[in-house]
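One structure is given below, encoded as C-alpha cells.
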Amino acid sequence: MTSDPVERFLAALDPEHRDAVSARPRQEQEQLAAAWERELESDDELDTLDELSPPAAESEAARRVMAREAG
C-alpha cells in the first residue's frame, strides 16, 4: 500500500470520479486528498466502518468528499 495520500484517495474513488480527479492539476488532487483524510479522521461513523472494512470506510469518505465538492 502506498503512503501517498493522493494515490490512496484515487484508489478509494469509484472509476468515474477517479478518472475525473486524475485529470485535474496535482494541487487540486492534493486538496481533495487532504479533505478525504480529514473526513476519515473526524467521522466516528467511519471509525466503526474502518474496523470492519478499511476499504469501505475509505470509499465512503471519498464519496462524501466528492459529493460536497459537487455542490
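Side chains are part of it too, since the values below use all heavy atoms of this structure and drop only hydrogens, waters and symmetry mates.
Looking at residues two or more places apart in sequence or on another chain, you find no side chain to side chain donor-acceptor pair (under 3.5 Å) involving Asp19. Residues satisfying the side chain to side chain donor-acceptor pair (under 3.5 Å) test with Glu39, not counting sequence neighbours, are Arg64, Arg68. Every residue two or more places apart in sequence or in another chain was checked for a side chain to side chain donor-acceptor pair (under 3.5 Å) with Arg18, and none qualifies.
Taking the side chain as every heavy atom from C-beta outward, Asp4 and Phe9 never approach each other to under 4.5 Å. Side-chain contact between Leu10 and Glu7 is absent, with no heavy-atom pair separated by less than 4.5 Å. Arg63 places none of its side-chain heavy atoms less than 4.5 Å from the side chain of Asp14.
Shortest non-hydrogen contact noted between Ala62 and Leu13 is CB-CD2, 3.7 Å. Nearest heavy-atom pair, Ser59 versus Ala12, reported as atom, atom and distance to 0.1 Å: OG-O, 3.3 Å. Summarising the geometry of Leu40 relative to Ala61, their closest heavy-atom pair is CD2-CB, 3.6 Å, with the distance given to 0.1 Å. In terms of heavy atoms, Pro5 sits closest to Glu37 at CB-OE2, 3.6 Å.
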Next on the checklist: What verdict does the side chain to side chain contact (heavy atoms under 4.5 Å, CB included) test give for Val21 and Met66, after you've listed the backbone C-alpha separation in whole Å, the side-chain angles of each residue and the deciding distance to 0.1 Å?
Outcome noted: CA-CA 10 Å; Val21 172; Met66 295 308 295; 3.7 Å; yes
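A side-chain hydrogen bond (donor to acceptor under 3.5 Å, both in side chains) check over residues 27-36, counting only residues at least two apart or in different chains, returns the pairs Arg26-Glu30.
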